[in-house]
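Just below is one structure, and these are the notes that go with it.
Values below: all heavy atoms of this structure, side chains included; hydrogens, waters and symmetry mates excluded. Chain letters run A, B, ... following the sequence lines, proteins first and then strands; every chain starts at 1.
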Amino acid sequence: MSEVRVRFAPSPTGYVHVGSLRTALYNYLFARHHQGRFVLRIEDTDQSRYVEGAVENLLETLRWTGLDYDEGPEKGGPYGPYFQSQRKEIYHEHVQQLLDKDAAYPCFCSEETLNAMREEQQKKGLPVMYDGRCRNIPKEEALERMKSEPHVIRLKVPRTGNTMVKDIIRGDVSFENALIDDQILLKSDGFPTYHLANVVDDHLMKISHVIRGEEWLPSTPKHILLYRAFGWQEPQFAHLPLLLNPDRTKLSKRQGDVAVEDYRAKGFLPQALVNFVALLGWNKGDDQEIFSLEELVKYFSLERVNKAGAVFDVHKLEWMNGHYIRSIAEDEYLRIGQEWLKKLNLDTGDAQKNRLILQAVRPALNKFADLPQKTAVFFKDALEYDEQAKEWLAKPESKEILKIMIEELAQTDELTLESFKTLMKTVQKRSGQKGKDLWMPVRAAITGETHGPDLGIVLTVIGKRKVEQFLKQALAI
RNA sequence: GGCGCGUUCGUCUAGCGGUUUAGGACGCCGGCCUCUCACGUCGGUAACACGGGUUCGAAUCCCGUACGCGCUACCA
C-alpha cells in the first residue's frame, strides 16, 4: 500500500456528534495503524449554518479525546488551507476545468422552476431528479447568460451505463447512471457543494482512503464520476455502519445525548467513550473489550468493521466508564474527582476528607456527575430514616449499642479511621454484639439507611460532633 | 414512490460449510465475598427474520419475501 492518508472532515455545527467521533476515531486508528497521516479538514461551505465558536469547540473536543491529527487547523501542513471556506478560488478553477471539458454546465433554473418540476415528477411517479433542461443550452448562449443571470454549475452525468463503487466494507455496489442526478457542484452564492469540495480537496490533499458514514454511500457514484471527469485516480472507499437510537433510527438529538460534549459534561472519561465507540461496529475478533488507544491502533482494521448499524447503548457505556473510573491510577482518579467536587459544590474544604469521600464512593461511581447522589450520606444535616433503618433502631439491642457508643465517643478526641476501629472493638466487647447486629444499628443511626459506603469513612468524614448528634437523635425515636 | 444498504440473545457482538448442546460483554436473576450497598467473583436467563434452493452437511453460499434503516436539497 502506498502512503496512507485519511481525513476527518466535519462541518462545524457547534458540537461533535458521537457518530462523528466514531468516524474520526476509525480514520485515526487506520492512519496510525498504517503509519499514515491523519488530516483534519473543516467543511464550512454552508454559510447559512455558520455557528460561532464551533471550530474551537471541535478542536477542544478532539484534544480531549486524544485523537491528534497531523495536518489541519492550527497545525498547517503542505496541502492547506484546511478550511474549505478559504479554498474558494481552488474550487472555481476546477469548475472552470470541468466547464472547459464540457463535463459540467451552468443551470439557470429558479427554485420555483425546480419545485414545479419535482411536483410534476412526483405526480407522474417518476424518479425525482433534475431533468437536464439547461444541459442543452448552446455554449455561446450559456456563457453570455452566466455574466448576468444567477446560476449554479451542474455535473453532466452520463445518461447510460453503470457506476461501480468498490467499498472495502460492503464490496461492490453498482448504481445506474440514468438514476444519478446532475449534481450541483457550485452554488449560486459561489460556494461549492459538499460533493465538489470534498472530491477536489481529497484529491489535492492526496487522500488515499475515504472512511465515512454510510449515509454517503448513495452519493459516492457521483463522486467517482467527478474524479473521472477530472481525470483523477479515485481513492478507496469505506462506508461505516450508522450509529442508531434505541428505536433503530439514525442516532439523533431528541432521543438523548448525541454530543461528545454532553458525555464529557456528565463525567465520562475520554478513554471510556473512545473505547466504547470503537466497539460500535468493530471488534478484535476475540473476547477482548477493554482497549487503550494504543491497543486499538495496534489491532484495528477495516476488514473487521461490521456492515449493520449499531444501537448506542448508554447502559453499557456507563458500565465501561465505571470500569475505567476504577482502573485508572488512584492519583489520577483523585485529581479528576477533586475537580468535580469543586464543580459540584461538594468540596469540604478539607483535602483529607475530600480524598476519603472519593475513595469511599469509587466502587459505586459510574460517572462523575453522579457524585452528588453517591456522596449524599456525607453531607446530611438532618436525618430521615427509611423503613429498614427504623426496624433496626427499634430493637432494644440497637439502643444499647448506641448508648455505649455515645459514652465511648465522649472519651475519644476526634474520629479517625483508626480511632473508629478501636471504638467499635470496645462497643463490641461491652454490648456483646458483633457482625451485622453490631454495625447495622450504627449505620442506620448515622445514615438513616441500611446501605452505603464504608462506615469508618462515613463517620470519620462526618466528624465526632455530628455523629454524637445523630446517635442521640436515633436514640430518641 | 425510486435507488441503495442491512437483518445472530433486549443491546454490542464472535461465528467466514462440519471443532456449535451457537461463544463473550452489557442488562436482568441467583450464589459467594462483605456491617450494608457497590466492587469483585461464580452460575443462570436469552438469539441465527421467514421461505425456497445448493450440499452428505448451512447461522455460514445462492434466490425470493418480509421488516428496518439510509439517500433522494443551491445541508453536510
Side-chain angles (χ1 to χ4, degrees), chain A residues 9-13 43-46 48-49 107 109-111 114 118 121-129 150-154 165 167 169-170 173-176 179-181 183-195 197-198 212-221 239 241-242 244 246-250 276 279-290 304 306-320 322-323 326 360-366 374 377 388 392 424 434-444 447 449-456:
Chain A
S11 58
T13 55
E43 309 228 330
D44 52 350
T45 56
D46 186 1
S48 64
R49 291 225 272 177
C107 169
C109 293
S110 67
E111 206 181 319
L114 293 174
R118 288 186 189 120
Q121 291 168 334
Q122 198 112 52
K123 221 171 15 182
K124 287 185 181 166
L126 295 167
V128 177
M129 56 188 286
H151 60 276
V152 301
I153 304 295
R154 288 181 185 271
V165 176
D167 190 277
I169 295 168
R170 277 149 226 285
V173 185
S174 177
F175 294 86
E176 204 178 324
L179 264 17
I180 299 175
D181 218 338
Q183 193 58 51
I184 292 179
L185 304 175
L186 204 63
K187 304 182 229 177
S188 55
D189 65 2
F191 275 86
T193 58
Y194 170 87
H195 308 283
N198 199 261
R212 74 226 305 189
E214 189 189 349
E215 68 268 31
W216 293 108
L217 187 56
S219 44
T220 305
H239 287 93
L242 257 20
L244 273 23
D247 68 0
R248 304 205 76 87
T249 52
K250 189 168 151 184
F276 177 70
L279 259 21
L280 257 27
W282 173 88
N283 68 83
K284 180 165 166 255
D286 57 21
D287 290 342
Q288 186 175 350
E289 295 215 280
I290 300 298
R304 288 207 63 86
N306 290 126
K307 295 178 177 71
V311 172
F312 190 92
D313 180 12
V314 185
H315 252 302
K316 188 158 182 176
L317 206 213
E318 293 225 8
W319 162 78
M320 193 173 276
H323 171 87
R326 263 155 247 130
V361 109
R362 190 176 186 186
L365 197 63
N366 281 335
K374 302 285 185 195
V377 272
Q388 283 156 310
W392 276 103
M424 286 305 281
K434 58 175 184 177
K436 222 173 190 165
D437 293 330
L438 170 69
W439 291 81
M440 275 317 233
V442 180
R443 176 174 290 285
T447 69
E449 295 170 341
T450 53
H451 57 85
D454 183 272
L455 259 190

Say we look at [N] and [M]: how far apart would their [atom1] atoms be, to the nearest angstrom?
N       : M       : atom1 : value
rG23(B) : rC16(B) : P     : 14 Å
rA59(B) : rC50(B) : P     : 11 Å
rG30(B) : rA38(B) : P     : 11 Å
rA49(B) : rU11(B) : P     : 12 Å
rA46(B) : rG4(B)  : P     : 40 Å
rG68(B) : rU8(B)  : P     : 15 Å
rU60(B) : rG6(B)  : P     : 15 Å
rC5(B)  : rC9(B)  : C1'   : 24 Å

Lys316(A) side chain to Phe276(A) backbone, donor-acceptor under 3.5 Å: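 No, the answer is negative, given that no donor and acceptor are paired below the 3.5 Å cut-off.
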Donor-acceptor contact below 3.5 Å, side chain Arg304(A) vs main chain Asn283(A):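 Yes; at least one donor-acceptor contact below 3.5 Å.
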Results of ring-ring contact (aromatic ring centres under 6.0 Å, His included) for Phe191(A) - residues two or more places apart only: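 ring-ring contact (aromatic ring centres under 6.0 Å, His included) list for Phe191(A), sorted by chain: empty.
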Flag if over 12 foreign heavy atoms under 6.0 Å of CD, Gln388(A):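 Counting neighbours around CD of Gln388(A), 12 or fewer heavy atoms of other residues, nucleotides or ligands fall under 6.0 Å, so no.
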Rounded interatomic separation in angstrom, taking [atom1] from [X] and [atom2] from [N]:
X         : N       : atom1 : atom2 : value
Trp282(A) : rA14(B) : CH2   : P     : 11 Å
Asp287(A) : rU13(B) : CG    : C1'   : 10 Å
Ile180(A) : rC3(B)  : CD1   : C1'   : 10 Å
Lys307(A) : rC5(B)  : NZ    : P     : 11 Å
Met320(A) : rU11(B) : CE    : C1'   : 13 Å

Presence of salt bridge, Lys284(A) and Asp286(A), under 4.0 angstrom: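 Yes.
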Counterpart base for [N], defined by Watson-Crick or G-U wobble contacts under 3.5 Å:
N       : result
rG70(B) : rC3(B)
rU21(B) : none
rU60(B) : none
rC9(B)  : none
rA49(B) : rU65(B)
rG43(B) : rC29(B)

Sugar-phosphate only, base, or nothing, as touched by Gly281(A) at under 4.0 Å among non-hydrogen atoms: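 Since only primed, P, OP1 and OP2 atoms lie under 4.0 Å of Gly281(A), the category is sugar-phosphate.
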Sugar-phosphate, base or nothing in reach of Phe175(A), heavy atoms under 4.0 Å: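 Answer is sugar-phosphate: Phe175(A) comes under 4.0 Å of backbone atoms only.
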Gap separating the CG atom of Leu186(A) from the NE2 atom of His151(A), nearest 0.5 angstrom: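 Answer rounded to 0.5 Å: 7.0 Å.
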Side chains of Ile169(A) and His239(A) in contact at under 4.5 Å (non-hydrogen atoms):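 They are not in side-chain contact.
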Side chains of Phe175(A) and Thr220(A) in contact at under 4.5 Å (non-hydrogen atoms):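 No, their side chains stay 4.5 Å or more apart.
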Sequence-aligned protein contact record of nucleotides 27-44 of chain B, with B where the base is within under 4.0 Å of a protein heavy atom and S where only the sugar-phosphate is: --------BBBBS-----
Letter per nucleotide, 5' to 3', of nucleotides 65-76 of chain B [B base touched, S only sugar-phosphate touched, - untouched; heavy atoms, 4.0 Å]: ----SSSSSBBB
Side-chain N,O (Asn306(A)) to OP1/OP2 (rU13(B)) below 4.0 Å: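 Yes, such a contact exists.
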Any Asn283(A) side-chain nitrogen or oxygen under 4.0 Å from OP1 or OP2 of rA14(B):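 Result: yes.
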Pair Trp392(A)-Asp437(A), side chain to side chain contact (heavy atoms under 4.5 Å, CB included): steps then yes or no: CA-CA 9 Å; Trp392(A) 276 103; Asp437(A) 293 330; 3.6 Å; yes
Closest nucleotide among rC26(B), rG4(B), rU13(B) to the Ala310(A) side chain: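 Between rC26(B), rG4(B), rU13(B), the one nearest the side chain of Ala310(A) would be rU13(B).
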Criterion side chain to side chain contact (heavy atoms under 4.5 Å, CB included) on Glu318(A) and Asp313(A), from CA distance to verdict: CA-CA 9 Å; Glu318(A) 293 225 8; Asp313(A) 180 12; over 6 Å; no
Minimum-distance pair of heavy atoms, taken over all atoms of Lys187(A) and Thr45(A):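 Heavy atoms of Lys187(A) and Thr45(A) come nearest at NZ-O, 3.3 Å.
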